[in-house]
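For clarity, every value in this text was computed on a predicted model and none was experimentally measured. By convention in this document, chain letters (A, B, ...) are assigned in the order of the sequence lines, proteins followed by strands, and residues within each chain are numbered from 1.
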Amino acid sequence: MTFLKRSKNCGELRSQNIGETVILNGWVHSRRDLGGLIFIDLRDRYGITQLVIRPELTPDVAEKAKPIRSEFVLWAKGTVHKRESINSKMPTGEIEISVEDCDIINPSELPPFEILDELDASEELRLKYRYLDLRRPALQNNFIIRNRVAQITHSFFYENNFIEIETPYLMKSTPEGARDFLVPSRIHKGKFYALPQSPQIYKQLLMVSGFDRYVQIVKCFRDEDLRSDRQPEFTQIDAEMSFVEQDDIIAVFEKFFKRLWKEVLGIEIQIPFPRLTYKDAMENYGSDKPDTRFEMKLHNLNQIFANTEFQVFANTIASNGIIAGFNAKGFGSYSRKQLDELTEFAKKYGAKGLSYIKFTDNSISSPILKFLKQEDIENLKQIFAVEDGDLLLIISDNWRTTYTALGALRLEIAKRGGIIESVKGQYNFLWVIDFPLFEWDENASRWVAMHHPFTSPNVSDLDLLDTNPGEARANAYDIVLNGVEIGGGSIRIHNEQVQKKMFDLLGLTEKQANDKFGFLLQALKYGAPPHGGIALGLDRLVMLLTGTDNIRDVIAFPKTTSGLSLMDNSPSEVDPDQLRELGLKI
RNA sequence: GGGGCUGUAGUUCAGCUGGUUAGAAUGCCUGCCUGUCACGCAGGAGGUCGAGAGUUCGAGUCUCUUCGGCCCCGCCA
């Protein structure tokens, strides 16, 4: 089928084009047939332009336009006219195209949902017809922004002397970290490649090679459960630098963020960003990725309750636990039922219970009131700057549980109180530093790397590796924006002996270490430079730049929470011959 | 692995303690309509109540199984 190719797109015509003869191609956004007058809104990526057909003047055109319905693809030739009634809501609202000739390039079945930004279709349906969902301007805009981020990344790092180098997607499966996606080898039956969880080791090897500054926008794969901000395949902006310390990497990336925000959103952000130690982040905000757009800070209450008769608190203190809380400002009117809800919420995070003190109508009510001395109450009022109508929420448990649960409650209260809504449009970046090097894995009864096993210990904590590994801090840093971890990195181990020791502490035998990471240990013997880097989650970055709270909105063809692609029905069974060729049996 | 919510016209939803022919809005179809842009007016068509089994005189509604979707905990170096 032939068609007249467009001379303009559907978003560019303005009143200064009046009188021009143009050809447009696009999709029928809507059609309004008034009988003696037919309006068609034609849509493409660039915008919407109104076509007008007058059956009285052009009966043949009207005849051709008769079967036109939503989402048909058309070409239309005509003259740009000023509208009789201007639509100030549309960029092209001052003009319309008086159609002299047009035709259907390709008809469309009735779409299962309307192509509107004010979507009213279920996500299930949208995912099944993803190619239609992606016609919606709001969604297209997300990918335009995503592309802008990618382009700025290419140019920023190019200008700063970084080299983009591709690393393999078929690599060796390594222990530690996330579950690998495996790819069977046909040539070597019974053996498998793994898809990279990140190009971590390759980029370190590139530093050994002397590339000095590496960057890559790269897909990563992790076979773990999905979340609203997690997909099994996602994209990182991955970078590594040689002869650097933590401050050097932080400085480069602060400049990168400044440029991104300027060029994508037109916003000047202030650098350098604040830095918070992991310990301070946990003890003030109950999170290693604190949202600092609002206060409601947590406070340790062990002092106040040092001699309490309330058994739960006393036991916590006796077992070196933490009693802490925060002021849920203005929530003093919460009912028993609502407080029960909050208690259930806290329990999801491991808390065994939730204590509260309500300050309402100049009186105090609390299940633990009888244990509170007047002095305690005064102290609490002072610490939390309590006003009438406030609610104190208190948890006592071990350090991690107390702070984690309070941190989750803090966010929940902020959400319920409309605080999150009110700080929209603010961008609070911060670095979280001084992470512990190890975490104790209760199930496996061994230390596991909090970041990854190539992370360099803090120089001043090197001795702790032998005496008290749990206290050793890592030379690692996370970049956090508005409570979202958008990236993390570390200075790496460039010394073979230190790396061996690390594997040893992580419970790998020398043989295991050599089997899995021998090539890295080998490479470290040949003059590895001091190096370090960082990886940003591109998808999460784009989420924040577009203001969406769901990662599926920034990935063109995402999976559902159970890992299915509803559009193409993957994963799917394969032909028995394919399995045979791979030497696999199900 | 666990918890919560959810599946009813094309779509978004309502549907009470189980009870006549399962409704609304919107979309769709037909007709009318010369300034619409959420066009308007009149009429019409449209249902395996996710699937399967069970209880019952009778199931959209109750029970069990199962398949999906969304959110969270665990998991995600």
So what does [X] hit on the nucleic acid, given a heavy-atom distance under 4.0 Å: a base, only sugar-phosphate, or nothing?
X        : answer
A/Pro453 : base
A/Glu96  : base
A/Tyr349 : sugar-phosphate
A/Thr174 : nothing
A/Leu226 : nothing
A/Ser122 : sugar-phosphate
A/Leu125 : sugar-phosphate
A/Arg69  : sugar-phosphate
A/Glu56  : base
A/Arg31  : nothing
A/Phe113 : nothing
A/Asp223 : nothing
A/Asp549 : nothing
A/Leu34  : base

Quick check for you: among [options], whose closest atom lies nearest to any side-chain atom of [X]?
X        : options             : value
A/Gln50  : B/G35, B/U11, B/C76 : B/G35
A/Glu224 : B/C72, B/C76, B/G35 : B/C76
A/Pro112 : B/C39, B/G10, B/G68 : B/G10
A/Asn87  : B/G1, B/C37, B/U34  : B/C37
A/Arg32  : B/C28, B/U36, B/C72 : B/U36
A/Ser85  : B/C37, B/G68, B/C72 : B/C37
A/Phe39  : B/C70, B/C76, B/U36 : B/U36
A/Arg552 : B/C71, B/G69, B/G35 : B/C71

Hey, is the side chain of [X] pairing donor to acceptor with the base of [N] inside 3.5 Å?
X        : N     : result
A/Arg230 : B/C75 : yes
A/Arg83  : B/C37 : yes
A/Arg54  : B/G35 : yes

**Message:** For the residue pair A/Asp41 / A/Ser30, report whether a side-chain donor-acceptor contact shorter than 3.5 Å exists.
**Reply:** yes
**Asked** Hey, are A/Ser570 and A/Asp568 close enough side-chain-wise for a donor-acceptor pair under 3.5 Å?
**Response** yes
Specify the separation, in whole Å, of atom [atom1] of [X] and atom [atom2] of [N].
X        : N     : atom1 : atom2 : result
A/Asp33  : B/G27 : CG    : P     : 15 Å
A/Ile40  : B/G35 : CD1   : P     : 17 Å
A/Glu344 : B/G4  : CD    : C1'   : 11 Å
A/Leu37  : B/U34 : CG    : C1'   : 5 Å
A/Ile97  : B/U36 : CD1   : P     : 19 Å
A/Lys348 : B/C5  : NZ    : P     : 12 Å
A/Leu132 : B/G10 : CG    : P     : 17 Å
A/Asp225 : B/G3  : CG    : P     : 14 Å

**Asked** Given side chains that start at C-beta, do those of A/Tyr46 and A/Glu12 come closer than 4.5 Å, heavy atoms only?
**Response** no
**Request:** Mind running ring pair (Phe, Tyr, Trp, His ring centres under 6.0 Å) on A/Tyr169 and A/Phe221 for me, showing each step along the way?
**Result:** CA-CA 9 Å; A/Tyr169 277 169; A/Phe221 306 85; 5.7 Å; yes
For atom [atom1], what is the distance between [N] and [M], given to the nearest Å?
N     : M     : atom1 : answer
B/C75 : B/G68 : P     : 25 Å
B/U11 : B/G27 : P     : 15 Å
B/G1  : B/G10 : C1'   : 38 Å
B/C70 : B/U8  : P     : 15 Å
B/A45 : B/C28 : C1'   : 9 Å
B/U55 : B/C16 : P     : 24 Å

**Prompt:** Roughly how far, to the nearest 0.5 Å, is the OH atom of A/Tyr285 from the CG atom of A/Leu411?
**Reply:** 12.0 Å
**Request:** Once you apply the 3.5 Å cut-off to both distances, tell me the Watson-Crick or G-U wobble partner of B/G27, or none.
**Result:** none
**Request:** Just say parallel, tilted or perpendicular for the rings of A/Phe113 and A/Tyr129, cut-offs at 30° and 60°.
**Result:**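 Rings of A/Phe113 and A/Tyr129: perpendicular, over 60°.
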**Message:** I want to check one thing: is the phosphate of B/C76, taken as OP1 and OP2, less than 4.0 Å away from some side-chain N or O of A/Arg540?
**Reply:**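 Checking A/Arg540 against B/C76: no side-chain N or O falls below 4.0 Å of OP1 or OP2.
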